[in-house]
Student: 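Supplied in structure tokens, the structure appears directly below.
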Amino acid sequence: MSGTGPPVIPRRGGRPSKADAEQLADRIVDAATELFFTSGYGATTIEAVAQRARISKRTFYHRFENKSALFSAVVHRTIERMRPPADVPLLRGANLVEILRGLADLILRAALSPPAIDLHRLIVAESSRFPDLVAVVTKEGASEEAVRLIAGVLEREARAGNLQADNATFAAQQFLYLVTALPQRRAMGLGTPMTSAEVDAWPRDVVNLFLNGCRGWERARTR
């Protein structure tokens with residue numbers, strides 16, 4: 001009697017090889033990524049992930065403790081795939097303007113990639129019901145890494161007397177928001193998506209605004 005479901009792959013005896021185990025984990029994360037991004041975190045069940053990955057729930061729990069652990073794996077892989085290739089230098093350029101423009105361009109294009117937009121949309125939609133999702137993204141995300149990198153550049157330039165920024169971490173955070181916040185909002189439908197010409201010009205304009213602000217930095221006095 002013929003069936004309509006996917007073909008069943010015969011199981012081999014013994015423990016699966018490392019390659020087989022990694023392939024299975026990738027298949028589970030693939031299934032979960034699609035379900036999380038299309039149905040949302042709350043509506044995605046372990047049963048649905050197992051069915052889409054063509055595995056049993058027992059097999060799932062051998063690899064992931066729960067749905068939160070699975071979401072962490074999805075976030076981690078999504079972010080890793082957005083990173084530039086290992087042979088692409090993060091800091092390139094002969095001066096501060098060129099270095100910041102290069103960083104802004106890398107960050108912007110990663111932030112506007114479809115997986116990044118899908119992940120951002122998911123967090124915005126589900127964070128009020130599942131506040132732990134934000135903690136997962138913060139833990140797995142690259143924002144803090146980017147802030148440290150940018151802050152290091154700004155501290156070096158401040159020591160050289162090229163700009164004023166006595167709180168490099170704060171300045172780096174604002175730079176990151178300038179680069180990503182509005183373009184991501186527009187890409188999510190909160191405004192008209194940026195044209196390719198606007199995306200190309202955005203790093204230049206952000207760096208110009210940011211550096212002019214830093215050169216006129218005056219720290220607010222606290223009582």
Side-chain angles (χ1 to χ4, degrees), residues 30 33-34 36-38 40 74-127 133-134 137-138 140-158 160 162-165 167-217:
D30 283 341
T33 300
E34 184 175 352
F36 283 144
F37 288 171
T38 57
V74 168
V75 172
H76 178 78
R77 194 180 69 174
T78 298
I79 291 173
E80 286 300 309
R81 288 181 172 180
M82 289 190 293
R83 294 181 185 276
D87 59 348
V88 174
L90 297 178
L91 300 178
R92 60 188 192 277
N95 52 54
L96 179 60
V97 171
E98 291 181 1
I99 290 171
L100 289 181
R101 283 182 182 175
L103 271 174
D105 186 69
L106 286 174
I107 293 168
L108 177 61
R109 294 184 188 282
L112 292 181
S113 65
I117 296 300
D118 286 339
L119 180 59
H120 192 62
R121 183 178 286 112
L122 173 64
I123 296 303
V124 170
E126 301 272 40
S127 59
L133 298 186
V134 178
V137 174
T138 300
E140 298 289 347
S143 294
E144 293 303 315
E145 179 183 342
V147 166
R148 288 194 297 271
L149 180 65
I150 297 164
V153 172
L154 299 180
E155 287 173 346
R156 183 190 68 196
E157 293 295 319
N162 296 328
L163 79 162
Q164 294 176 315
N167 188 336
T169 297
F170 173 79
Q173 290 169 339
Q174 303 316 304
F175 178 79
L176 192 60
Y177 295 149
L178 280 172
V179 172
T180 62
L182 183 58
Q184 278 196 327
R185 284 175 58 85
R186 290 176 60 176
M188 291 173 61
L190 301 174
T192 305
M194 295 174 69
T195 65
S196 58
E198 287 177 311
V199 172
D200 289 341
W202 193 256
R204 178 198 65 209
D205 294 340
V206 163
V207 170
N208 181 45
L209 176 64
F210 176 77
L211 288 181
N212 280 323
C214 284
R215 290 179 180 122
W217 179 286

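Just so it is clear, the model here is predicted, and its values are computed rather than measured. Just so it is clear, the values below take in all heavy atoms, side chains as well, and ignore hydrogens, waters and symmetry mates.
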Student: Less than 4.0 Å between a side-chain N and a carboxylate O, is that true for R109 and D105?
Tutor: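 Salt bridge: yes.
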Student: Taking atom CG of L106 and atom CG of L149, what is their separation to the nearest 0.5 Å?
Tutor: 10.0 Å
Student: Could you check whether any side-chain heavy atom of T78 comes within less than 4.5 Å of a side-chain heavy atom of F37, counting everything from C-beta outward?
Tutor: yes
Student: Side chains of R156 and N162: closer than 4.5 Å at any heavy-atom pair?
Tutor: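 SC-SC contact between R156 and N162 ruled out.
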Student: Just how far is it from atom CG of L103 to atom CZ of R92, taken to the nearest 0.5 Å?
Tutor: 8.0 Å
Student: Please round to the nearest 0.5 Å and tell me the distance separating atom CD1 of I99 and atom CG of L91.
Tutor: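 I99 atom CD1 to L91 atom CG measures 6.0 Å (nearest 0.5 Å).
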Student: Looking at I117 and A187, what are the two nearest heavy atoms and their distance?
Tutor: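 Closest approach of I117 to A187: CD1-CB, 3.7 Å.
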Student: First locate atom CG of L154, then atom CG of N167, and finally report the distance between them rounded to the nearest 0.5 Å.
Tutor: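 CG of N167 is found 10.5 Å from CG of L154.
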Student: Are R83 and E80 ion-paired here, with the side-chain N under 4.0 Å from a carboxylate O?
Tutor: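 A salt bridge links R83 with E80.
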Student: Should E34 and D30 count as side-chain neighbours, where that means a heavy-atom distance under 4.5 Å?
Tutor: no
Student: Run the side-chain donor-acceptor check on residues 173-185: report pairs under 3.5 Å with partners two or more places apart or on a different chain.
Tutor:
unit_1	atom_1	unit_2	atom_2	d
T180	OG1	L176	O	3.0
Q184	NE2	A111	O	3.1

Student: Measure the shortest side-chain to side-chain distance between I107 and V206 over non-hydrogen atoms and say whether it is less than 4.5 angstrom.
Tutor: no
Student: To check you understand the geometry: which heavy-atom pair defines the closest contact between M82 and A110, and what is its length?
Tutor: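 For M82 and A110, the tightest heavy-atom pair comes out as SD-O, 3.5 Å.
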Student: Nearest 0.5 angstrom please: M194 CE to L112 CG, how far?
Tutor: 7.0 Å
Student: What pair of heavy atoms forms the shortest contact from E155 to A168, and how long is it?
Tutor: CG-CB, 3.3 Å
Student: Working to the nearest 0.5 Å, report the span between CG of N208 and CG of L100.
Tutor: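 So the CG of N208 and the CG of L100 are separated by 11.5 Å.
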Student: Between R121 and M188, which heavy-atom pair has the shortest distance, and what is it?
Tutor: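 Looks like NH2-CA, 3.5 Å.
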Student: Answer yes or no: is there a side-chain heavy-atom contact under 4.5 Å between L211 and E157?
Tutor: no
Student: Where is the tightest heavy-atom contact between P203 and L108, given as atom of each residue plus distance?
Tutor: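 So the two residues come closest at CD-CD2, 4.1 Å.
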